[in-house]
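Right, one structure below, let's go through it.
A note on names: the letters A, B, ... follow the listed sequences, proteins ahead of strands, and every chain is numbered from 1.
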Amino acid sequence: MPLREGFMPRYNPAIIEPKWQRVWEDNHTFRAPDLPTSEKLYVLDMFPYPSGDGLHVGHPEGYTATDIVCRFERMRGKSVLHPMGFDAFGLPAEEHAIKTNTPPRASTEKNIATFRRQLKMLGFSYDWDRELATTDIEYFRWTQWIFLVIFDTWFDPQQQKGRPIADLPIPDEVTAAGTEAVRRYQDQHRLAYQADALVNWCPALGTVLANEEVKDGKSERGDHPVERLPLRQWMLRITAYADRLQQDLDPLDWSEGIKNMQREWIGRSTGAEVDFYIGSQDGHQAWQAARAASGYPGQPADDVLRVYTTRPDTLFGATYMVIAPEHPFVLRLTTEAQRDAVQAYCVRAAARSDRDRQEDKEKTGVFTGSFAINPVNGQPIPIWIADYVLISYGTGAIMAVPAHDTRDFEFAQKFDIPIVPVVDPGQEATLDRQAVLDGRVCFAGDGLAINSGPYTGLTTAQFKTRITDDLASAGVARGAVNYKLRDWLFSRQRFWGEPFPILHELDADGQPTGMLRAVAPEDLPVDLPHLDDYRPHGRPEPPLAKAPDDWLYPVIDGVRYRRETNTMPQWAGSCWYYLRFIDPKNPEALVDPEKERVWMPIDLYVGGAEHAVLHLLYARFWHKVLYDRGYVSTREPFQRLVNQGMILGEMEYTGYQREDGTWASLPDVGKNAGGTLIDRTSGAAVCEIKLDAEDVEKVGESFVLRNDPTIRIDSRATKMSKSRGNVVNPDEIVQDYGADALRLYEMFMGPLEATKPWSMAGVNGVRNFLDRVWRMIVDDRSETVRLNPAVQDVPPDEEQNRMLHRTIREVTRDTATLEFNTPIARMMEFVNYFSKQTVRPHSAMERFVLLLSPYAPHIAEELWQILGHASTLAYEPWPPYDEALTKEKTIEVPVQVLGKVRARVLVAADASQAEIEAAARADEKVQQWIGDKRVVKVIVVPGRLINFVVK
RNA sequence: GCGAGAGUGGCGGAAUUGGCAGACGCGCUGGAUUUAGGAUCCAGUGGGGCGACCCGUGCAGGUUCAAGUCCUGUCUCUCGCACCA
């Protein structure tokens with residue numbers, strides 16, 4: 001074995017890790033074939049954002065897991081596609097660029113370089129030849145191309161399918177109105193459309209945000225305040241796909257938790273739309289007759305208030321109605337006497353942010369002065385305005401049934417509105433039935449109808465069907481479906497995103513005509529122009545509006561246009577990157593259909609749960625549009641999804657000290673209204689004091705101060721954050737312990753999907769394991785690298801074989817099921833055992849190294865070489881095991897008497913039940929425990945245990 | 001409030017899915033050796049009791065020959081949603 005000078009035969013990851021990384025890179029060891037040559041496996045990590053901070057220890061957790069799967073399956077003969085790239089457009093990169101005052105492209109490329117270096121440093125087996133970034137011009141050319149497909153698509157509700165806009169049926173009256181009218185009609189039906197809507201404007205970020213990007217009235221990124229502002233924006237009609245997005249979840253191999261989150265986000269509900277007459281009192285009968293003749297109109301006229309309800313069975317209990325403060329009928333319904341009060345209320349509601357509305361749990365509202373007629377009984381009921389009804393859901397108006405809806409109940413109690421029970425809950429133990437029947441308690445469940453005229457006595461389900469049918473034939477209602485999901489607000493007022501490939505037609509005076517023109521596919525990409533100043537200015541006018549005229553105002557066929565100056569949101573690029581990885585360099589198509597058909601769908605997709613809703617929903621939507629339009633072959637992109645758990649900082653012990661230096665015990669510590677920590681007994685402020693493990697001890701359930709056990713302290717691990725100073729940097733771990741140790745530790749911490757705290761001591765533990773692996777095989781006392789003399793070319797003995805084959809069996813089984821912590825434990829047992837063996841068969845060492853290689857590939861490659869192999873082990877066949885060799889000849893069987901282990905007996909591994917029982921009965925201790933009691937029953941589980949039941 | 005997940009030694013976690021609780025690692029204790037660099041090796045380590053034994057998987061019940069695992073109730077923690085009619 002040739003040696004580099006100065007290379008000591010001690011395990012030194014600082015030398016061997018870069019060495020093997022270079023070998024893999026130079027030989028393109030992990031290059032995936034264009035088309036699979038055997039059973040295919042597409043394993044994907046969620047796209048990282050290359051932030052300026054570099055990799056976090058959370059990243060390598062999922063990446064190591066997928067890397068293990070890929071290396072394992074390559075050795076098992078599969079054709080593996082395992083690419084990596086960067087989601088580089090969007091706010092984080094742009095914010096970083098602004099902070100460091102560099103052009104976004106320059107700082108993005110620098111950040112990508114950092115990420116790439118760190119990823120390569122960890123030895124992941126990506127096919128780097130497929131690397132891409134969403135900011136690559138040749139990539140976003142296809143992002144824009146897909147946008148044009150979406151723009152060119154309308155959703156056919158009959159076929160439940162996206163179809164070319166050219167196939168959209170045009171009503172005769174529109175055709176008659178001319179080509180411009182037809183174009184407008186088409187524009188209204190595209191999946192990508194413009195709308196003037198109330199949007200979430202975030203001044204601090206200088207852009208609007210999608211509903212999904214706003215949490216508790218603040219921006220999900222950065223936690224900045226968000227305002228409601230009317231703006232013209234691009235929207236994607238994701239709601240058209242709501243049903244399919246929900247239904248197609250069922251067969252996916254995702255955790256039920258994530259599926260449920262998506263289902264809840266889509267929020268499908270079924271019920272009915274009902275029209276309540278609000279015209280003049282004497283016109284009611286005429287209206288009823290007209291409706292009975294005409295049927296239920298698609299658009300309601302001004303003489304009705306249309307509501308959506310999931311409980312049409314409670315119509316007889318509707319004692320008032322509520323419209324949202326933004327409802328278009330507010331002015332019309334407000335009587336002179338109520339005008340001032342209504343106006344004051346609506347002004348106040350408009351000024352309050354969503355956050356304020358949520359924090360104020362108390363119901364508020366104001367009476368309009370008007371009444372509507374309840375269609376089931378002709379009773380007039382008052383119409384109120386209240387902000388607990390949302391303009392953006394359903395019709396923006398409700399019928400209120402206080403007896404059977406908790407929100408309506410609270411409101412009715414506060415404003416003294418009658419509560420009429422119409423559902424009898426029956427005899428339920430958990431509920432005061434009489435209180436419900438008296439209208440003192442709200443019951444929102446199903447039951448039997450009461451006080452409901454001819455419907456009295458029906459079950460809730462029967463009632464719903466009957467009344468919906470009856471009201472439909474009377475022309476005043478119809479069955480309806482609603483979703484919480486809203487259309488996707490798709491434009492951003494930022495520089496660092498994909499430009500829309502859309503032109504706005506201008507007239508002779510340079511004013512927009514309202515006509516749109518898509519950029520021709522052959523003219524893509526639309527690149528970003530150079531700007532001297534790309535920073536947002538806090539106004540909702542996109543920075544691209546400052547682009548040079550030759551970019552901003554193209555002239556085509558003599559017509560002058562203005563480019564769309566909004567850019568796409570960050571999610572755009574990550575909606576389809578998994579397709580481009582299949583064919584990253586294709587200049588003709590986003591992906592070659594033949595390659596797409598064989599590689600898709602993704603067999604394993606791993607990432608954090610923070611993308612449970614946004615990315616996964618958006619990407620599924622795009623995929624379905626591409627599917628409908630024939631560009632992809634699968635209904636869903638991500639067949640199997642696994643969410644890695646969060647890695648927390650190290651366990652911390654925290655005590656609370658008053659200003660005078662005395663300790664406050666944990667149960668006494670709370671927060672005041674302002675959020676500062678206080679001693680609840682005195683109200684005085686306390687501060688957190690970090691404690692060392694030596695200063696605390698556990699007493700019963702809780703930790704206390706060692707010096708003063710009456711003081712309880714807090715012990716917990718928290719999210720890693722810069723402000724807490726508990727962030728672990730992967731660079732430092734690799735430098736101090738090596739990449740293999742980092743990978744191994746992250747897998748050894750616990751189950752992949754669990755949240756778990758970091759521990760530096762634990763890293764050291766797996767590093768010690770790697771040292772022991774090295775010494776098991778390499779002679780570290782020699783001056784040159786050579787095999788440990790104990791490693792000899794002899795066959796394993798029976799016991800060694802048992803250890804070897806059991807290790808193979810269990811590492812194989814658990815790796816295949818994505819349990820990575822237990823295989824490491826098994827390999828540790830293997831090393832503990834063989835390190836004590838004075839003869840270590842060469843063949844056993846080889847097979848062990850192969851088992852270790854997916855987990856710790858660098859040391860494995862090095863040991864493989866030292867064991868005498870010239871080429872990489874990456875494609876060596878995974879070692880098989882022989883079940884027969886894992887078995888022992890004799891086994892120890894625990895003997896229970898009345899379920900408690902009282903003795904153990906040695907029997908042959910294949911002993912019969914009778915033989916085990918005989919051996920157990922012969923045991924002196926067992927006889928003692930049975931004594932003169934009667935043996936009622938004997939349970940023998942062959943190979944496991946025997947239990948005597950005595951009386 | 002609603003939904004999901006989880007509670008096992010000082011710590012991270014195992015437990016072939018109803019069959020010997022605590023594998024493996026960290027930490028700790030004792031010993032050997034030390035030509036120190038992430039030392040190594042040996043022994044021990046859930047609690048109690050001198051002992052035979054007893055008690056132990058958040059808590060309280062239940063099913064079973066047998067329960068960390070199944071059922072009922074309850075508490076705590078984490079995550080997600082939160083006026084969606």
A/Arg772 near the nucleic acid: base, sugar-phosphate alone, or nothing, with a heavy-atom cut-off under 4.0 Å? sugar-phosphate

Expressed as a whole number of angstroms, how long is the span from A/Leu851:CG to B/C24:C1'? 16 Å

Scanning all shown strands, the Watson-Crick or wobble mate of B/C81 with both distances under 3.5 Å is B/G1

Pick base, sugar-phosphate or nothing for A/Gly765, based on heavy-atom distances below 4.0 Å to the nucleic acid. sugar-phosphate

Can you see which heavy atom on A/Ala903 is nearest to which on A/Asp923, and at what distance? CB-OD2, 3.6 Å

Counting only Watson-Crick pairs (N1-N3 plus N6-O4 or O6-N4) and G-U wobbles (N1-O2, O6-N3), all under 3.5 Å, who is the partner of B/U57? none

Watson-Crick or G-U wobble mate for B/G12, both contacts under 3.5 Å: B/C24

For the side chain of A/Arg775, counting heavy atoms from C-beta on, which of B/C41, B/C83, B/G10 is nearest? B/C41

Taking the side chain of A/Asn832 as its heavy atoms from C-beta onward, which of B/G19, B/C83, B/C24 lies nearest to it? B/C24

Of all the nucleotides listed (B/U40, B/C24, B/G13), which has the minimum atom distance to the side chain of A/Ala825? B/C24

Which nucleotide, B/G10, B/A4, B/G38, lies nearest any side-chain atom of A/Arg10? B/G38

In 5'-to-3' order, the base (B), backbone-only (S) or no-contact (-) status of each nucleotide in nucleotides 52-70 of chain B, using a 4.0 angstrom heavy-atom cut-off, is -SSS--S------B-----

Please determine, for the side chain of A/Val941, which listed nucleotide (B/G19, B/G38, B/G25) has the closest atom? B/G19

Output, in order, the C-alpha distance, side-chain angles, deciding distance and verdict of ring pair (Phe, Tyr, Trp, His ring centres under 6.0 Å) for A/Tyr320 and A/Phe411. CA-CA 10 Å; A/Tyr320 66 102; A/Phe411 190 86; 5.5 Å; yes

Under 3.5 Å, N/O pairs linking protein and nucleotides 75-81 of chain B:
unit_1 : atom_1 : unit_2   : atom_2 : d
B/U78  : OP1    : A/Arg716 : NH1    : 3.3
B/C81  : OP1    : A/Lys215 : NZ     : 3.1

Under 6.0 Å from the NZ atom of A/Lys925, do we count more than 12 heavy atoms belonging to anything else shown? no

Any-strand Watson-Crick or G-U partner of B/C65, both distances under 3.5 Å: B/G19

Hey, can you tell me if A/Trp758 and A/Tyr745 have their rings parallel, tilted or perpendicular (30° and 60° cut-offs)? perpendicular

Short side-chain N/O contact to B/A14 OP1/OP2 from A/Asn821, under 4.0 Å: yes

Take atom CE of A/Met747 and atom P of B/A14, then tell me their distance rounded to the nearest Å. 13 Å

Pair assignment for B/U35, Watson-Crick or G-U wobble, requiring both distances under 3.5 Å: none

Where does the angle between the aromatic ring planes of A/Phe316 and A/Phe463 fall among parallel (under 30°), tilted (30 to 60°) and perpendicular (over 60°)? tilted

Side chain of A/Leu945 (C-beta onward), nearest among B/G19, B/G37, B/A85: B/G19

Enter syn or anti for the glycosidic conformation of B/U29, syn applying to angles within 90° of 0. anti

Would you call B/G46 syn or anti, using the 90° rule around 0? anti

For B/A15 and B/A67, measure between their C1' atoms and round to the nearest Å. 13 Å

Who pairs with B/G30 - Watson-Crick or G-U, where each distance is under 3.5 Å: B/C42

Any luck finding a side-chain donor-acceptor pair between A/Thr654 and A/Glu652 under 3.5 Å? no

Go through B/G13, B/A4, B/G38 for me and flag the one nearest to the A/Asp736 side chain. B/G38

So, A/Asp275 and A/Arg306, do they make that salt bridge, N to O below 4.0 Å? yes

Atom-pair distance (NZ on A/Lys756; C1' on B/A6), nearest Å: 13 Å

Expressed as a whole number of angstroms, how long is the span from A/Lys259:NZ to B/G3:C1'? 16 Å

B/A85, OP1 or OP2 - any side-chain N/O from A/Ser269 closer than 4.0 Å? yes

A/Lys887 bridged to A/Glu883 by N-O distance under 4.0 Å: yes

Base, sugar-phosphate alone, or nothing: which one does A/Tyr483 contact when heavy atoms must sit under 4.0 Å apart? nothing

